[in-house]
Amino acid sequence: MSFGNVDYYVIGPQELDGLIRILHGMGYTVFGPRVRDDAIVYDEVDSVSQFPVGVRDRQGPGYYRLEKRGDEAVFGYVVGPHSWKKILYPARVRLLTVTRKGEVKPHNTDSPKMAFIGVRGCELAAISVLDKVLLGGPYVDPIYAVRRKNLFIVAVNCTEPGENCFCSSMGTGPEASSGFDIAVTEVLEDGVHYFVARPGSNDGQKFLEQVGARKASEEELVKAASLMERSRTLFRKKFEANGCREALYNNLESPVYAEVAERCLACGNCTLVCPTCFCTTTEEVTPLSGEKAERWRRWDSCFNADFSYIHGGPIRASRLSRYRQWITHKLSTWVDQFGMLGCVGCGRCITWCPVGIDIAEEAAKIRQRAVEAGT
Amino acid sequence: MIAEQKIQLEEGLDTFTFKWCRVVSRRRETPDTYTLKIKPLNGSVNYSPGQFSMLYRYGVGEAPISFSGDSDNGKQVEHTVRAVGGVTRALASAQPGDTVGMRGPFGNGWPLKEAEGRDVVVVAGGIGLAPLRPLIRHFLRKREKIGKLYILYGARSPAELVYKKELQAWKKRLDTQLLITVDKGDEKWRGYIGVVTTLFKYVTLDPENTYAYVCGPEIMMRFTIAELRKQGLSDDRIFISMERNMRCGVGLCGHCQFGPYFVCKDGPVFSYSEVSHLFGRREI
């Protein structure tokens, strides 16, 4: 059955396994969701049996727990503390090696073949944000560029949004709209378990055919579509993206910031779990032999006092100013810099904030107070 | 948003790879400030006044330092370094013959064409004269292109004045008005005493016809801008050079953000009209 110009296919869990084998055979390293330390993380996978089958996540502000679902769902959860950023834009990477004799070796420029399985709509959006930030400017990040180049993406449409999800408000989900090679909707009903698969590239279509996917029936398509329709009604979290940029610009002195600063620990968890936060710092590493010096780059956070340090002290000394920098960057200045919002609505920063600070709520509060104060 | 052009890097260089340069000379400016003349081992450097480079010392690290010499000579370029941290101390102590790494030039530089046919006022505080020196030399080289040239320079003490020989040469020029002040004089000081803004009482600018170029500590720039506006200059004719923490110099590390701007690639030079809504606000 085709819809528009696209042929839809149906595969079962075995064919999904087959797809992983095909990708391995083609030389891809395959990454997917797994359970580790009571959380769903992204790591190398060999088969679907390693996926969090039958697991669901319960999320709230500062709250994350895994539970048994009581079914065999392969993708019956949303996003965990990892994002694909950790693979595309590693947390720690060597930029240079300089030998004492003056030889300069740049980082590795080989382009690995990597496949991601289980990429959500919000995460596809986050990857396209990183594309813009790291590849779209006058200077290209060479490390992201090589890792991004040969990426194969199997996206998953979210049929059950999480408690902190607000992708529907940000226009990034729950459905994967573009930027994937294959997108699947998982259907699990009355003992029937299948994935309606939409190819998004020639490779995607080819691999689907290779694993023996059959064309989807009209009934199966309608079922998948109705699950997505239902999913859209399940969002409890809303975010008003319209006018947010201006509202935050105009209220840099909002009293809300002082209230957040009372709770914020400036721990930087939000920036580490955020799939679009891209700030990094560098460190020089010199072995005792002194024969070489290396420059390493690692993720940094605008919540660190050092982040804005110039001689004399940090520009942003208070927690208030650091939280303000972070939220205005995500929801306001990012638009000036990159023509898009820096937030994709995945809700990770809410879940993994130890004190449960909620970006959507705080932005709404800033706007509400401004209306009340007539500014 | 402006559509951005891709930067073509020299063969063999990527965003994070530097080129080696040999230190040709090292001149002491003040007790903690040195001007290094360096020469790329291969090729030359084409930069415009106001741009900066990331200078590297083996095993110690990188720091953003403005070009401070003559932009006409790309074979040998100058940087003036004040030793305030680990990297700048290592750079400032580099001796002739030593090597330093250089990435760049980065940043936008001062707008120069716009000032042609107009008066120019340069206001510098302390080592803020360094990024302005290539601009002053540029205008002195093409002196006929601009109208009056005022240079107002302030430092904390006579010992902290940089480029002293050159200041004397500029002072002698009849086509340039150089005024120097120090916050606190010493027994030999015969010049003005007071912060740099006190010099504005000795100059009357033609507000319709003057471009201002300002660099120094932010508080100094704030008060200078106030004086320039008092004299009637509009915000889009006042240019400042800003300083922020920079790790990469190319808009990727995020450290130098100032509201919507990356100081390293959108700046470091801004017209005051671009930043007036943020400038001087605490902790932005």
Side-chain angles (χ1 to χ4, degrees), chain A residues 95-96 98 100 102 104-107 109 133-134 136-145 249 252-253 277-286 290 292-295 297 300 302 306-312 314-318 320-322 324-325 328-329 332-339, chain B residues 1-9 12-20 41 54 56-64 82-88 99 101 106 217-218 243-262 264-266 277-278 281-284:
Chain A
L95 293 180
L96 286 178
V98 187
R100 197 165 189 87
V104 184
K105 288 182 223 147
H107 55 87
T109 52
V133 171
L134 300 171
Y139 292 91
V140 166
D141 181 53
I143 289 146
Y144 181 81
Y249 255 127
L252 291 172
E253 313 297 338
C277 269
F278 61 89
C279 289
T280 55
T281 189
T282 49
E283 49 195 32
E284 306 297 316
V285 178
T286 319
K292 61 176 183 176
E294 297 176 342
R295 180 172 310 142
R297 177 172 80 181
D300 201 0
C302 52
D306 263 6
F307 187 84
S308 61
Y309 185 89
I310 48 174
H311 51 88
I315 300 274
R316 290 184 280 274
S318 69
L320 181 159
S321 66
R322 291 183 231 156
R324 178 175 64 189
Q325 168 61 24
T328 53
H329 189 210
S332 192
T333 54
W334 206 294
V335 180
D336 299 85
Q337 295 168 349
F338 305 110
Chain B
M1 254 201 358
I2 312 153
E4 291 178 294
Q5 251 186 325
K6 291 273 175 221
I7 303 284
Q8 280 298 324
L9 293 161
L13 290 185
D14 84 353
T15 308
F16 299 114
T17 317
F18 55 84
K19 57 164 112 190
W20 284 117
L41 297 189
M54 298 297 289
Y56 169 72
R57 202 75 211 278
Y58 176 76
V60 185
E62 272 189 333
R82 194 168 144 225
V84 286
V87 178
T88 48
T99 49
F106 296 134
E218 268 186 44
E243 187 179 20
R244 282 293 181 272
N245 186 315
M246 291 177 192
R247 310 304 306 176
C248 75
V250 292
L252 296 173
C253 79
H255 279 256
C256 68
Q257 286 180 80
F258 179 57
Y261 304 112
F262 291 94
C264 69
K265 77 177 164 111
D266 302 318
H277 61 300
L278 297 168
R281 289 180 93 138
R282 283 175 59 84
E283 299 194 296
I284 287 294

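Here the structure is a predicted model, which means the values were calculated and not measured. Throughout, protein chains are lettered first and strands after them, A, B, ... in sequence-line order, and every chain is numbered starting at 1.
The most heavy-atom pairs under 4.5 Å with chain B, out of A:Val98, A:Thr286, A:Asp306, come from A:Val98. With chain A as the partner, the residue from B:Gly61, B:Gly85, B:Pro260 showing the most heavy-atom pairs under 4.5 Å is B:Pro260. Between chain A and the residues B:Gly259, B:Gly254, B:Cys253, the largest count of heavy-atom pairs under 4.5 Å involves B:Cys253. Among A:Val285, A:Val133, A:Leu252, the residue making the largest number of heavy-atom pairs under 4.5 Å with chain B is A:Leu252.
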Practice task
Decide side chain to side chain donor-acceptor pair (under 3.5 Å) for B:Glu62 and A:Thr282; before the verdict, give the C-alpha distance in whole Å, the side-chain angles of both, and the deciding distance to 0.1 Å.
Solution key: CA-CA 9 Å; B:Glu62 272 189 333; A:Thr282 49; 5.6 Å; no
Exercise for the section: Would you please test A:Arg324 and B:Ile284 for side chain to side chain contact (heavy atoms under 4.5 Å, CB included) and show each step? Expected result: CA-CA 8 Å; A:Arg324 178 175 64 189; B:Ile284 287 294; 3.7 Å; yes
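Judged purely by distance below 3.5 Å, without hydrogens or angles, the side chains of A:Thr333 and B:Gln257 never pair a donor atom with an acceptor atom.
Across A:Ser308 and B:Asn245, no two heavy atoms sit closer than the pair C-CB, 4.0 Å. Across all their heavy atoms, A:Glu284 and B:Gly59 have their closest contact at CB-O, 3.9 Å. A:Ala317 and B:Glu283 make their closest contact through N-OE2, 2.7 Å (heavy atoms, listed as atom of the first residue, atom of the second, distance). Closest of all the heavy-atom pairs between B:Tyr58 and A:Gly290 is OH-O, 3.2 Å.
Classification of the A:His329-B:Phe262 ring pair by plane angle, with boundaries at 30° and 60°, yields perpendicular.
Rounded to the nearest 0.5 Å, atoms CZ (B:Phe16) and CZ (A:Arg295) are 9.0 Å apart. Rounded to the nearest 0.5 Å, atoms CZ (B:Arg247) and CG (A:Asp300) are 8.5 Å apart. In this structure, the separation between OG1 on B:Thr17 and NZ on A:Lys105 is 13.0 Å, given to the nearest 0.5 Å.
Inter-residue side-chain proximity for B:Arg281 and A:Glu253 is flagged as met; some heavy-atom pair is nearer than 4.5 Å. Counting only heavy atoms from C-beta outward, the side chains of B:Phe258 and A:Ile315 never approach each other to under 4.5 Å. Inter-residue side-chain proximity for B:His255 and A:Tyr309 is flagged as unmet; no heavy-atom pair is nearer than 4.5 Å. Proximity of A:Leu96 to B:Phe18: side-chain heavy atoms (C-beta onward) are separated by under 4.5 Å at one or more points. Contact of the A:Thr280 side chain with the B:Leu252 side chain is not registered, since no non-hydrogen atoms from C-beta on lie closer than 4.5 Å. Counting only heavy atoms from C-beta outward, the side chains of A:Tyr139 and B:Lys265 never approach each other to under 4.5 Å. Contact check for B:Asp266 versus A:Gln337: no side-chain heavy atoms found under the 4.5 Å cut-off.
Using a 4.5 Å cut-off between heavy atoms, B:Leu278 contacts chain A through its side chain alone, with no backbone atom that close. With a threshold of 4.5 angstrom between heavy atoms, A:Thr109 does not approach chain B through any atom at all. Proximity to chain A is limited to the backbone of B:Arg282, based on heavy atoms less than 4.5 angstrom apart. Contact of B:Val250 with chain A is made through backbone and side chain together, with heavy-atom distances under 4.5 Å. Within the 4.5 angstrom heavy-atom criterion, no atom of A:Tyr144 approaches chain B.
The closest donor-acceptor contact from the side chain of B:Thr15 to the backbone of A:Val140 lies under 3.5 Å.
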